[in-house]
Amino acid sequence: MKKERPDDLEAQLLKPRQHYQAPASPGLDSEYRVSGWTKLSYLGLYFLCNISLTIYNKLILGKFAYPWLLTALHAGSASLGCYALLLRGHFTLTKLSFHQNTVLVLFSILFTINIATSNVSLAMVSIPFHQIMRSTCPVFAVLIYRIRYKRTYSQETYLSLIPVVMGVGLATYGDYYFTRAGFVLTLLGVILAVIKTVATNRIMTGALALSPLETLLRMSPLAFVQAVFCALISGELSAFRAANPQGPSQMMLLALLGNGFLAFMLNVSSFSTNKVAGALTMTVCGNIKQCLTVLLGIVLFGVKVGLLNGLGMAVALAGAAWYSMVELRSKGKKSVGSSRTPGLGVGTGGKS
């Protein structure tokens, strides 16, 4: 066997490793490996689906006063839609261990508890108070990442979140009313909503690294069963039957079918956007969605708001633009840092 000479070995060590790429290791800062244009595309589609469902519910579905049945419809539509895509070969299922399947079951229970907490708290607080509490989601997202994952953000990121939160508070300013139990439940609902968003991101970018469609397919049937059970024990199912003794009309069925399809599109968009943009960005999007909902009410339905509400929308949107610029700069810094990493080094850490 021919031995390498010392000069050959030296030449190999000095040879530039132009084609080497560090192995992908999805982590806390995986969103910084996605281009800015890709993020904007996903976010744009997410907002489009959100707005479409909002307008559809207002104009077509009307007041469907059965939140658990509506949740079951959305989960069932997601299950059928994802299964159809699975049969067409758009994604494949990963073989999971018992422990990993248990994690997904617990995740679906978290999803159901979050909805239940929100529904119960809405009866104990005013809608403006509920909205202003929801606007603090980005704050709790930062706290969860700092405490649980030891992840830090730049000072500019923290500062840009201030107008995003305060702006929504002004945009939804109104008659604040809450009971003590309502305050506790609303706060718990906010924390659970953020935990759900972070957990969704970690399932798709962490050790499991499931695709958005597979995550949705594995979670939706479980959420459907739990939502139907909650509708049964809460009396919603009986109330719906009493209100529709002959069964739902053809128009109602068509309206529900359209709602289910749009909800499926929104779920796919939401999970996909969470994976590429990150959990914190999703909570910021939730705040902007509140402002856009108010704005839609003004433009399409003639809803009247005060000067303070209008100022709040402007502040929140300006804060979102600032946050976007900060994130793009952070992405650029990450890219530069990765390009300067030696060939055999690992990627950047969890900080951003």
Side-chain angles (χ1 to χ4, degrees), residues 26 30-31 42 45-46 49-50 53 67-119 137 141 144 148 188-233 256 259-283 285-286:
S30 60
E31 64 266 25
Y42 275 88
L45 183 61
Y46 170 71
C49 292
N50 245 308
L53 185 60
W68 282 117
L69 289 178
L70 197 60
T71 301
L73 172 66
H74 292 177
S77 301
S79 302
L80 293 175
C82 288
Y83 187 66
L85 293 176
L86 175 66
L87 293 179
R88 293 181 62 87
H90 288 278
F91 67 101
T92 57
L93 290 179
T94 307
K95 187 176 181 179
L96 301 180
S97 66
F98 175 79
H99 173 73
Q100 291 168 329
N101 279 307
T102 303
V103 169
L104 291 176
V105 171
L106 293 175
F107 174 67
S108 70
I109 294 174
L110 171 64
F111 177 84
T112 305
I113 293 176
N114 177 44
I115 296 174
T117 305
S118 180
N119 289 342
C137 282
I144 288 173
R148 174 65 179 85
L188 179 61
V190 170
I191 296 173
L192 289 175
V194 176
I195 292 175
K196 182 193 73 174
T197 304
V198 174
T200 303
N201 181 267
R202 298 303 301 145
I203 286 173
M204 295 185 291
T205 63
L208 281 174
L210 301 182
S211 70
L213 287 175
E214 183 177 2
T215 305
L216 195 54
L217 176 61
R218 290 184 179 276
M219 186 273 292
S220 297
L222 299 170
F224 172 78
V225 172
Q226 293 162 19
V228 171
F229 176 74
C230 290
L232 181 63
I233 63 174
L256 290 173
N259 180 276
F261 174 75
L262 287 175
F264 166 65
M265 296 297 292
L266 176 58
N267 274 318
V268 172
S269 174
S270 175
F271 276 61
S272 301
T273 305
N274 191 332
K275 182 173 183 177
V276 302
L280 178 58
T281 297
M282 290 302 292
T283 61
C285 286

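For the numbers below, each heavy atom of this structure counts, side chains included, while hydrogens, waters and symmetry mates do not. Heads up: numbering here begins at 1 and tracks the sequence.
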Item to check | Rounded distance [0.5 Å steps], OG in S79 versus CG in N267 | outcome: 9.5 Å

Checklist entry - Would you find more than 12 non-hydrogen atoms of other residues, nucleotides or ligands less than 6.0 Å from F107 atom CZ? => result yes

Checklist entry - Rounded to the nearest 0.5 Å, what separation is found between the OG1 atom of T273 and the CG atom of L45? => result 6.5 Å

Checklist entry - Between F91 and L93, what is the shortest heavy-atom contact and its length? => result CE1-CD2, 4.2 Å

Checklist entry - Is L106 close to L110 at the side-chain level, that is, under 4.5 Å between some pair of heavy atoms? => result no

Next on the checklist: Strictly distance-based, threshold 3.5 Å: is any side-chain N or O of T205 a donor or acceptor partner for the main-chain N or O of N201?
Outcome noted: yes

Checklist entry - Between atom CZ of F264 and atom CG of L216, what is the distance when rounded to the nearest 0.5 Å? => result 7.0 Å

Next on the checklist: Within the 4.5 Å heavy-atom criterion, are L262 and C49 side-chain neighbours or not?
Outcome noted: no

Checklist entry - Is T197 reaching over with its side chain to a backbone N or O of A279, donor-acceptor style, under 3.5 angstrom? => result no

Next on the checklist: Has T200 got a side-chain atom pairing as donor or acceptor with K196's backbone, closer than 3.5 angstrom?
Outcome noted: yes

Next on the checklist: Closer than 3.5 angstrom, by distance alone: can the side chain of T283 be matched with the main-chain N or O of L280 as a donor-acceptor pair?
Outcome noted: yes

Checklist entry - Do L104 and I203 come within less than 4.5 Å of each other through their side chains, counting heavy atoms only? => result yes

Please tabulate, for the side chains in residues 67-76, all donor-acceptor contacts under 3.5 angstrom to protein atoms that are two or more places apart in sequence or on a different chain.
| residue | atom | partner | partner atom | Å |
| --- | --- | --- | --- | --- |
| T71 | OG1 | P67 | O | 2.8 |
| H74 | NE2 | N259 | OD1 | 2.7 |

Item to check | Minimum heavy-atom distance between C137 and V194, given as atom pair plus value | outcome: O-CG2, 3.5 Å

Checklist outcome for this item: Of all heavy-atom pairs linking N114 and G189, the shortest is OD1-O, 3.3 Å

Next on the checklist: What I'd like to find out is whether the side chain of Y46 reaches to under 4.5 Å of the side chain of S270, using heavy atoms alone.
Outcome noted: yes

Next on the checklist: According to side-chain hydrogen bond (donor to acceptor under 3.5 Å, both in side chains), does anything in residues 206-223 pair up with another residue at least two apart or in another chain? List the pairs.
Outcome noted: T94-E214, E214-R218

Next on the checklist: Using 0.5 Å steps for rounding, measure from the CE atom of M204 to the CG atom of N274.
Outcome noted: 4.5 Å

Item to check | Rounded distance (nearest 0.5 Å) linking atom CD1 of I191 with atom CD1 of I144 | outcome: 7.5 Å

Item to check | Rounded distance (nearest 0.5 Å) linking atom CD1 of I115 with atom OG of S118 | outcome: 8.5 Å

Checklist entry - Within the side chain of S108, is there an N or O that forms a donor-acceptor pair under 3.5 Å with the backbone of V105? => result yes

Checklist outcome for this item: Tightest non-hydrogen contact, residues K95 and Q100, listed as O-OE1, 4.3 Å

Next on the checklist: Do L85 and V268 have side chains that approach each other closer than 4.5 Å (heavy atoms only, starting at C-beta)?
Outcome noted: no

Checklist entry - With a 4.5 Å heavy-atom cut-off, do I113 and T117 have their side chains touching? => result yes

Next on the checklist: For a side-chain contact (heavy atoms from CB on, under 4.5 Å) check, start with the C-alpha distance between V103 and L96, then their side-chain angles and the critical distance, and finish with the verdict.
Outcome noted: CA-CA 10 Å; V103 169; L96 301 180; over 6 Å; no

Next on the checklist: Using every non-hydrogen atom in the two residues, find where S272 and Y42 come nearest and quote the distance to one decimal.
Outcome noted: CB-CE2, 3.6 Å

